[in-house]
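For clarity, every value in this text was computed on a predicted model and none was experimentally measured.
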Amino acid sequence: MVSRSPPGYGTFSVPEEPADNSDANAEAATGIHVRQAASQVSESSSLVTAIMKTQEDGRPSSTADVKPSDPLALNEAIEQEHALSFWEAVKLYPTAVGWSVFVSIGVIMLAFDPQIVGNMFAIPQFKKDFGDAHPDGTFVIPARWQTGLSLGNPLGQVIGALFSAYPMERYGRKWTFFACVALTAGLVFIQFFARSLQALLVGELLGGLVLGCFVVIGPTYASEVCPMALRGYLTSYTNLCFVTGQLLGNGVTAGTATLNNHWAYSIPFALQWFWVLVILPGVFFIPESPWWLVRMGRSEEARDSLRRLASKKVNIDATLAVIAETDRVELEMEAGSTYLDTIKGINLRRTEIATGVYTTQVLSGIYLINYGTYFFQLAGVGDQDAFYLGIGFLAVGWVSTVISWYLMAHFGRRRIFNIGLSFCVILMFIIGILDTIPGRPSGVAWAESSLMLVWNGVYDLSIGPVTFVVLSECSATRVRSKTIAVATAVQAVVGIVMTVAIPYMINPDEANLQGKLGYYFGGLGSLCLVWSYFRVPETKGRTYEELDVLFDRKVPAREFKTYQIEGPQ
């Protein structure tokens, strides 16, 4: 197959030094070249291609020792890149792993806030202080206010996610992250001191604007500081942070729900300052994304950042060349890095995939998690048991997300996403069927609640973590932050629809559907499954440049895994 790029596509070389025997022991992959014979593995560049061998005395070779590789040596280096194990990559990029995990803490804050708000509707003291009294002596937060309060986070995500891409591109990932954490610290005051639904609504809306930025910053940073072998783990870690935030939210509200004063709901709001105190001291030491620095023409700073992110066994100059070359190739293919470029040319398909997988999370029923405790109460399992089930609900999700890392390493992205979504759809329909049993036997409530636990486990084995991997891998590096921002915004818009609809569908003084919501989300999930089968590609084991080529050649999603990349010999 003929390459669409001009001669020299995907290559980088270092001027040859005079022959010297001391150089014989130093080898490094100094460039990238997309080429493949039928019997060879597909090849291109990534950070790991820059791994270098050390000299006999244990010191890393200098850039002066690097010589152009012959084709066989280059093929061997690229095979090693694709075969690099998880633990080998961790040893080469230990600080990249640590800082990626640190930046993703912001996602825990994002998930914690809507979870505690959703649980407030089940806290007796909150319902008494803010709800309407019913003739039977109970208190209920009106559906319109449940909707309004729950809208704060997704509505903020729409605006915050789209806005975040601008400071991320102008000021970098590090300082945008710092600004968001500092603003969150101030906005929590509104939530903490709110004593009316109106004031709490203002706090949620403003807080959501800032919190929406974290879900863009986290996966973007992770995808730009880690090698291919760690990409799936660190980007899917975003889902673990979501589950962690939700689990902590359930745990905190379960612990305070029995209090008979305003601390029943004030303590959960106040605990958001804990994450601010954890993050702020470390923000100043975060290495900036080398990909962003290269695009800004700050090569020396990018080199310093790479030194801080990688071990001494990594050839920093070769890594820097790989980043610059991949950026150059993408610039030739996409020619731009604006929001408009996310829907131009081949980027339109990439943005559709990113948006589709993220929206599938909402359409398959994930927003029920925010109402999990309330759902269990309405199902008839008892107030305190509902809180305990809510904790178990997310504990299952946490463990499942960790297990998903093993599955993704062995089975890829596409297969896990589609199989997991299939099971989620089936479970939702079963829940709906159980709820329509005539007379609704007493055991049905626990059966529905148990199936919701199973559903959440399947979700966090598949759809949940895989989404964030696909988000990062399908978006081009030049428009990654903007593609993730667009996907987040669209997902949040759909989330707003669900936020408006669910309280009216679930509340006892409205539609009172309870478990019959399984039919609703089962039907929507079925539509998503048809879409994902034809559109979600397999991206496991592909470098960013390989993915650029596959999208540029319009390879069908079902052929991504087996397609052989050919190019100039």
Side-chain angles (χ1 to χ4, degrees), residues 86 89-90 93-115 153 157 160-161 164-165 168 172-184 210-227 229-249 272 274-292 305 308-309 354 358 361 394 397-402 404-405 408 460 464-473 475 480-481 484-485 487-488 491:
F86 170 79
V90 169
Y93 292 87
T95 51
V97 174
W99 285 119
S100 175
V101 169
F102 181 80
V103 172
S104 294
I105 292 177
V107 181
I108 297 178
M109 298 170 64
L110 166 64
F112 184 84
D113 180 74
Q115 193 65 28
N153 197 273
Q157 280 191 43
S164 66
M168 284 178 69
R173 284 73 168 120
K174 172 180 177 177
W175 295 115
T176 303
F177 183 57
F178 168 76
C180 290
V181 174
L183 285 171
T184 299
V210 180
L211 292 172
C213 300
F214 290 122
V215 76
V216 180
I217 298 171
T220 299
Y221 185 82
S223 65
E224 293 181 342
V225 301
C226 64
L230 297 177
R231 199 169 62 203
Y233 298 96
L234 293 179
T235 51
S236 64
Y237 177 75
T238 302
N239 188 72
L240 187 65
C241 291
F242 264 110
V243 178
T244 300
Q246 292 166 339
L247 178 59
L248 291 172
Q272 293 179 96
F274 169 78
W275 299 110
V276 174
L277 294 175
V278 170
I279 295 173
L280 280 181
V283 166
F284 301 99
F285 303 99
I286 298 174
E288 184 55 84
S289 163
W291 288 80
W292 178 78
S305 180
R308 296 179 58 198
L309 290 166
Y358 209 173
Q361 286 190 336
L394 291 164
W398 199 95
V399 173
S400 296
T401 300
V402 175
S404 74
W405 295 342
M408 276 191 285
D460 284 310
V466 172
T467 288
F468 294 102
V469 180
V470 175
L471 268 177
S472 300
E473 292 180 336
S475 54
R480 177 168 296 128
S481 63
I484 295 176
T488 301
Q491 174 264 356

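- Under the 6.0 Å cut-off for aromatic ring centres, Y237 and F468 do not qualify, their centroids lying 6.0 Å or more apart.
- The backbone N or O of T235 lies less than 3.5 Å from a partner atom in the side chain of T238, making a donor-acceptor pair.
- Here CD1 of I484 is found 5.5 Å from OG of S223. Values are rounded to the nearest 0.5 Å.
- Looking at heavy atoms from C-beta onward, F214 lies out of side-chain contact with I108 at the 4.5 angstrom threshold.
- With a 4.5 Å cut-off on side-chain heavy atoms, L471 and P219 do not count as touching.
- Nearest heavy atoms, V278 versus F102: O-CE1, 4.0 Å.
- I286 places a side-chain heavy atom less than 4.5 Å from the side chain of Y221.
- Nearest heavy-atom pair, P227 versus Y93, reported as atom, atom and distance to 0.1 Å: CG-CD1, 3.5 Å.
- Taking the six-membered ring for Trp and thresholds of 30 and 60 degrees, F86 and Y233 have ring planes inclined between 30 and 60 degrees apart.
- Shown here is W405, whose CH2 atom has more than 12 heavy atoms of other residues, nucleotides or ligands within 6.0 Å.
- Although no hydrogens or angles enter the test, the distance criterion places a donor-acceptor pair under 3.5 Å between the side chain of R308 and the main chain of F285.
- No donor-acceptor distance shorter than 3.5 angstrom exists from the side chain of T176 to the backbone of R173, with no hydrogens or angles considered.
- Here the side chains of V215 and Y358 are in contact, with some heavy-atom distance below 4.5 Å.
- The closest side-chain heavy-atom distance from I217 to M168 is below 4.5 Å.
- Here the side chain of E224 pairs no donor or acceptor atom with the backbone of P290 at under 3.5 angstrom.
- When all heavy atoms of A485 and V216 are compared, the pair lying nearest together is CA-CG2, 3.9 Å.
- Between E288 and L309 the shortest heavy-atom distance is O-CD1, 4.5 Å.
- Two residues are said to be in side-chain contact when any heavy atoms from C-beta on lie closer than 4.5 Å; W175 and F284 meet this criterion.
- Between Q272 and D113 the shortest side-chain heavy-atom distance falls below 4.5 Å.
- A heavy-atom distance below 4.5 Å is not found between the side chains of D460 and W398.
- Residues M408 and P465 share a closest heavy-atom pair of CE-CB, 4.2 Å.
- Here the closest non-hydrogen pair linking C180 and C213 is SG-CB, 3.5 Å.
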